[in-house]
Amino acid sequence: QVQLVESGGGSVQGGGSLKLSCAASGSSYSMRCMGWFRQAPGKAREGVAVIDSDGYTKYADSEKGRFTISKDNAKNTLYLQMNSLKPEDTAVYYCAAAESPRACWSFPSVVASAIFTSWGQGTQVTVSS
């Protein structure tokens with residue numbers, strides 16, 4: 001089991017940037033896929049981006065070109081750099097980890113989130129217009 005703790009959320013005006021961090025502890029070495037998800041009020045959780053153990057990344061269509069997922073293996077930390085933020089990016093952002101690489105292979109299909117076994121508590125991102 002992996003423990004995940006997100007940080008870096010906050011309030012920003014449209015067009016601004018934020019960088020989220022996710023510190024992993026526990027059996028993080030066994031995680032083959034890590035990712036970011038988000039959930040806005042009244043909406044279903046949706047995938048944002050994933051990165052596998054080889055550093056290969058995938059993004060949801062709405063985030064391509066604006067968000068960048070990365071990781072620092074030495075620090076056991078996952079990042080999400082978010083640029084050109086829009087009010088519709090407002091949500092609670094969650095970090096997630098999976099032992100199975102299928103979590104990354106199947107992203108961004110809806111089945112991907114079910115493969116992730118460890119989740120953080122979430123960090124709020126609010127973008128004003």
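Quick note: residue numbers are just sequence positions, from 1. On a predicted model such as this, the values are computed, not experimentally measured, just so you know. Just so you know, these numbers use all the heavy atoms, side chains as well, and skip hydrogens, waters and symmetry mates.
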Which donor-acceptor pairs under 3.5 Å do the side chains of residues 2-14 make with protein atoms, sequence neighbours left out?
residue	atom	partner	partner atom	Å
Glu6	OE1	Gln121	N	3.0
Glu6	OE1	Gln121	NE2	3.4
Glu6	OE1	Gly122	N	2.9
Glu6	OE2	Cys95	N	2.8
Glu6	OE2	Gly122	N	3.2

> Can you tell me how far the CD atom of Gln124 sits from the OH atom of Tyr93, to the nearest 0.5 Å?
Replying inline: 9.5 Å
> So, do Ser109 and Ser106 sit near enough that their side-chain heavy atoms are less than 4.5 Å apart?
Replying inline: yes
> How close do Ala40 and Ala91 get, heavy atom to heavy atom, and via which atoms?
Replying inline: N-CB, 3.8 Å
> Who passes salt bridge (Lys or Arg N to Asp or Glu O under 4.0 Å) against Asp54, sequence neighbours left out?
Replying inline: none
> For the residue pair Gly35 and Leu78, what are the closest heavy atoms and their distance?
Replying inline: O-CD2, 3.8 Å
> Do Val48 and Phe67 have side-chain heavy atoms sitting under 4.5 Å apart?
Replying inline: yes
> What is the minimum heavy-atom distance between Ala24 and Met34, and which atoms define it?
Replying inline: CB-CE, 4.5 Å
>> Test side-chain contact (heavy atoms from CB on, under 4.5 Å) on Gln81 and Ser17; report intermediate values, then the result.
In response: CA-CA 7 Å; Gln81 176 68 48; Ser17 299; 3.9 Å; yes
>> Tell me every residue that passes side chain to side chain donor-acceptor pair (under 3.5 Å) with Glu88, counting only those two or more places apart in sequence or in another chain.
In response: none
> Among side-chain atoms of Thr77 and Asp72, is any donor-acceptor pair under 3.5 angstrom?
Replying inline: no
> Remaining members of Val50's ILVMFWY cluster at a side-chain heavy-atom cut-off under 4.5 Å?
Replying inline: Phe37, Val92, Tyr94, Phe107, Phe116, Trp119
> Roughly how far, to the nearest 0.5 Å, is CD1 of Ile51 from SG of Cys104?
Replying inline: 8.0 Å
> Just wondering, do Leu80 and Thr68 contact through their side chains at under 4.5 Å, heavy atoms?
Replying inline: no
> From Trp105 CH2 over to Cys33 SG, what is the distance, rounded to the nearest 0.5 angstrom?
Replying inline: 10.5 Å
> Between Leu20 and Trp36, what is the shortest heavy-atom contact and its length?
Replying inline: CB-CH2, 3.7 Å
> Who pairs with Arg45 by salt bridge (Lys or Arg N to Asp or Glu O under 4.0 Å), at least two apart in sequence or on another chain?
Replying inline: none
>> For a 4.5 angstrom cut-off between non-hydrogen side-chain atoms, does Glu99 reach Met31?
In response: yes
>> Which heavy atom of Glu63 sits nearest to which heavy atom of Gly47, and what is that distance?
In response: OE1-O, 4.1 Å
>> Looking at Tyr79, I'd like to know if the NZ or CZ of Lys71 sits under 6.0 Å from its six-membered ring centre while staying within 45 degrees of the ring's axis.
In response: no
>> Within this structure, what is the CZ-CZ distance for the pair Arg102 and Arg32, rounded to the nearest 0.5 Å?
In response: 12.0 Å
> Who are the salt bridge (Lys or Arg N to Asp or Glu O under 4.0 Å) partners of Asp52, not counting sequence neighbours?
Replying inline: none
>> So if I apply the side-chain contact (heavy atoms from CB on, under 4.5 Å) rule between Arg38 and each of Thr123, Thr90, Val125, Asp89, which one comes out positive?
In response: Asp89
